[in-house]
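Naming convention: chains lettered A, B, ... in sequence-line order (proteins, then strands); numbering from 1 in each chain.
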There are 2 protein chains.
Amino acid sequence: MRDRQTERREATRLEILDAAWALARENGLSQITLRDVANQVGMRAPSLYSHFGSKNAIYDAMFAQAWSEAALEMRDVARRLPSSPRTALKKLARTFFDFEVSDLARHQLMNQRTIPGFEPSPAAYAPAVQVLDDLHEVMAGLGVRDAADIDLYTAIVSGLIDAQQANDPGGDRWSRLLDRAIDMFADNVGIPESVGRKT
Amino acid sequence: MRDRQTERREATRLEILDAAWALARENGLSQITLRDVANQVGMRAPSLYSHFGSKNAIYDAMFAQAWSEAALEMRDVARRLPSSPRTALKKLARTFFDFEVSDLARHQLMNQRTIPGFEPSPAAYAPAVQVLDDLHEVMAGLGVRDAADIDLYTAIVSGLIDAQQANDPGGDRWSRLLDRAIDMFADNVGIPESVGRKT
DNA sequence: GTCTATACACCGATAGAC
DNA sequence: GTCTATCGGTGTATAGAC
């Protein structure tokens, strides 16, 4: 039987998180204050402590949300990858790249330590590990099995993401280099070319 | 004639900055408080305002210091580069990589936006631009003249730096991949191999 | 010119009444 | 659960001592 009490509580939690996301996108991730969040959901600041143990606990839940979203999106793409390994590598990279670049606040929370005292809890970190585990599995299917190769792949992709966000937000100066970078990587690990010749 | 007044003032400024660096390395970049910094140099917090207009002005001066150091070190290396372009590329990348990885607090200040309200001033940003301008010049001498190529190069190197700092601080999991990544890049832009064959 | 004492507004967090 | 009241701590402005 449904537990209306629990449902209501969960709804309030989500309402608080939505308010926090909205404020993060508007004023910056670290500029969120408990008073602002509470005000946005019609509460006083101390009332938030009935739902989250601390401000960092709110960041923690947001962190888990963000990586869970990413896990869903990456799995969805992984299920319908193009047959060419090289094109598949590009599709994977492009999906993650666009996901990260489309939300600056979310990207900062997921990948940078921009909040002074915040360290994600093991529970919140789990979906991030999930994304990486999935990547290893998919990459193995594409012929990339060495862990060092995947370390290189992730460093390249996130290097381009960080450069794009930091130096040309809203533009495409590094976004344009992504396919070329993946070709470069594919050449290095010996993945055969898909169709035609590389430039 | 020497201006003892100005000399004393400059010495005090450097003393304050040294204290700030020490506290940043000890407790984290964003954890330094004006009261702690002041205490370390034998002052009260408000006295710092005789030397810096705000806390962010201290970060600003530290930012300029860090990138000036980097500019010096990179120029020093650039003056005595190995003759092989490929080896020279590796030497440049390795120098910057080691410089960044050797000081976490400095790396955060230079390359990440880990301080909430802080944005470097144009004056403090100048040495960072200098480093990039120098890189363009050196790279041109090595046969890399396309700006997009250099964008790719910097994204790869800083991607590896960030991964090393974030996921394996003190280790070498991504450090080991640097030479390989540069070879991969050199292959892509058509720089001939130095000696022997790539693996 | 430097430094101090004081004060202010804001923050995250806690205690206790209802 | 939510409130009011309040705490210790922060960056910072200002008045004034030396």
Of the options C:dT14, D:dT12, D:dC3, whose atoms approach the side-chain atoms of A:Tyr49 most closely?
C:dT14
5'-most by nearest nucleotide on DNA chain D - A:Ser47 or B:Thr33
A:Ser47
Across the strands shown, which category fits B:Ile32 at heavy-atom distances under 4.0 angstrom: base, sugar-phosphate, nothing?
sugar-phosphate
Hey, does the side-chain of B:Arg35 have a donor or acceptor N/O within less than 3.5 Å of a partner on the base of D:dG11?
yes
Can you confirm whether B:Met139 sits close enough to B:Leu89 that some side-chain heavy atom of one is under 4.5 Å from a side-chain heavy atom of the other?
yes
Starting at CD1 of A:Ile115, measure out to OG of B:Ser30 and round the result to the nearest 0.5 Å.
9.5 Å
Below 4.0 angstrom from OP1 or OP2 of C:dG1, is there any side-chain N or O of B:His51?
no
Would you mind reading off the distance between B:Gln5 atom CD and C:dC3 atom C1', rounded to a whole angstrom?
14 Å
The residue among A:Asp183, A:Thr95, A:Asp179 that forms side chain to side chain donor-acceptor pair (under 3.5 Å) with A:Lys90 is A:Asp183
Salt bridge check, A:Arg80 against A:Asp76: does any charged N sit closer than 4.0 Å to a carboxylate O?
yes
For a quick check of understanding: with a heavy-atom distance under 4.0 Å over all strands, which category does A:Ser54 fall into, base, sugar-phosphate or nothing?
sugar-phosphate
Check the phosphate of D:dG1 against A:Arg9, side-chain N and O only, distance under 4.0 Å to OP1 or OP2. Yes or no?
yes
Where the side chain of B:Lys55 is defined as all heavy atoms beyond and including C-beta, which of C:dT2, D:dG11, C:dT6 is the nearest nucleotide?
D:dG11
